[in-house]
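Just so it is clear, the values below take in all heavy atoms, side chains as well, and ignore hydrogens, waters and symmetry mates. Naming: A, B, ... by sequence-line order, numbering from 1 per chain.
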Number of protein chains: 2
Amino acid sequence: MALHDDLRSIALAEFAASGYAATSLQRIADLAGTSKASVLYHFASKELLLADIVSPALDDMERLIETIEHGGGLRRAEFVEQFVDLLLMHREVVPLVINQGATLDDVPVMHRATEILRRVTELFRLASGSTLEKLRFGVAFGGVAYTLAAAERLGLSGEIPIDEVRSALLLILRDLLVPAESTAR
Amino acid sequence: MALHDDLRSIALAEFAASGYAATSLQRIADLAGTSKASVLYHFASKELLLADIVSPALDDMERLIETIEHGGGLRRAEFVEQFVDLLLMHREVVPLVINQGATLDDVPVMHRATEILRRVTELFRLASGSTLEKLRFGVAFGGVAYTLAAAERLGLSGEIPIDEVRSALLLILRDLLVPAESTAR
DNA sequence: CACAAAACTGACCGATCGGCCAGAGTCTGA
DNA sequence: TCAGACTCTGGCCGATCGGTCAGTTTTGTG
């Protein structure tokens with residue numbers, strides 16, 4: 001059982017760092033100190049390995065979306081906070097979906113990820129139609145997700161404590177997304 | 001000479017849509033109505049084909065950076081405007097660099113792209129050190145770049161005229177990046 | 001200890017990849 | 001007309017990929 005989890009985390013790290021297509025099962029096996037056939041014993045296929053890695057994050061995200069869709073209207077400030085918490089909780093998976101989602105949408109689990117992203121955008125577009133609003137949304141969520149994804153690559157994150165990142169992201173997102181209530185723009 | 005340019009634009013579209021690794025030379029040849037060997041006649045290798053596609057955008061970006069680095073201090077508002085213009089001008093290349101840069105940094109031209117991105121971040125970090133400022137920068141540029149990259153995937157852009165996109169992006173970026181001068185935050 | 005289930009492995013398969021090469025058309029200027 | 005450069009192609013190569021399978025080792029349990 002330990003190897004099973006090792007393989008998952010090793011594969012996650014490699015998929016995020018080098019890309020799904022560029023990461024061979026052989027390399028995952030080498031890093032785990034086992035054989036390629038052993039990897040395919042624990043995960044029936046490379047696609048299912050990816051699905052196993054990504055699905056939990058997608059489940060959480062879908063749950064949040066449905067809660068809001070069925071639970072009456074949308075309270076942006078509240079959603080933003082929970083959304084950021086989910087991104088931070090699954091912050092290792094975010095680069096995978098963000099950077100490689102478009103490339104891999106023939107893989108079922110990645111197609112599902114794209115679909116979920118689309119539902120989030122629709123959630124926000126209900127109330128806003130102007131180009132400025134649309135782009136503000138795109139920059140906000142794309143920016144947060146991409147920042148988490150590219151943080152270490154560009155040396156942006158470093159050793160910043162998570163709760164500091166959390167509060168800063170919330171501030172930025174509130175400025176961008178929550179309709180001006182207190183501050184004039 | 002026409003085929004040469006056709007191959008470049010076809011490859012660009014495919015690399016951006018399906019990913020560099022997932023796009024075979026055979027597929028590019030098929031879409032162009034020629035043979036794989038013919039592609040390799042025009043471009044010595046797949047990597048050089050990618051370099052040929054990406055390099056012009058990188059050249060422009062590097063030129064902008066050096067102008068600012070050597071031309072005394074940084075005037076953010078000015079830089080932001082020129083930066084957005086460059087992103088819009090090369091907006092087909094942006095998805096490639098943004099989404100696949102991390103994955104492909106063993107390819108020389110993509111490593112150069114990452115290096116250029118890093119220089120841009122340093123340009124902005126000179127004056128700002130707080131976590132909030134760092135993340136604000138990350139969200140701003142990551143968000144703009146990613147929005148351009150993922151626009152059509154999430155149905156965000158659609159048929160919005162470019163100059164409208166331009167002015168909206170400038171507004172958003174000025175809010176995020178230009179130190180509060182007129183508006184209090 | 002016995003024995004079945006689980007875990008694991010080496011060898012192999014077909015497919016596809018990027019790249020190479022000898023040669024065949026095609027075009028142009030002397 | 002002919003020589004030489006340019007353009008293009010089919011066929012081939014070695015490497016690597018994901019995946020299969022028969023069979024061995026390890027483990028847990030009565």
In this structure, how many angstroms lie between the C1' atom of D:dC8 and the CG atom of B:L3, rounded? 9 Å
Give the rounded distance in Å between these two atoms: CZ of A:F43 and C1' of C:dC8. 15 Å
Distance to the ring centre below 6.0 angstrom and angle to the axis at most 45 degrees; does that hold for B:K36 and B:Y41? no
Apply salt bridge (charged side-chain N to carboxylate O under 4.0 Å, His left out) to residues A:E115 and A:R118 and explain how you reach the verdict. CA-CA 5 Å; A:E115 204 57 28; A:R118 214 182 39 72; 2.3 Å; yes
Would you mind reading off the distance between B:R27 atom CZ and C:dG18 atom P, rounded to a whole angstrom? 13 Å
A:Y41 has an atom OH; how far is it from atom P of C:dA6, in whole Å? 7 Å
Parallel, tilted or perpendicular: which fits the ring planes of A:F141 and A:F83, with parallel below 30° and perpendicular above 60°? perpendicular
Rounded to whole Å, please give me the gap between CD1 in A:I28 and P in D:dT16. 17 Å
B:R27, CZ: over 12 other non-hydrogen atoms inside 6.0 angstrom: no
How many Å lie between CG on B:D30 and C1' on D:dG10, as a whole number? 14 Å
Identify which nucleotide among C:dA7, C:dT9, D:dC8 has an atom closest to any side-chain atom of A:T34, counting heavy atoms from C-beta outward. C:dT9
Would you verify whether the NZ or CZ of B:K46 falls within 45 degrees of the ring axis of B:Y20 while also being under 6.0 Å from that six-membered ring's centre? yes
Letter per nucleotide, 5' to 3', of nucleotides 17-24 of chain D [B base touched, S only sugar-phosphate touched, - untouched; heavy atoms, 4.0 Å]: SBBB----
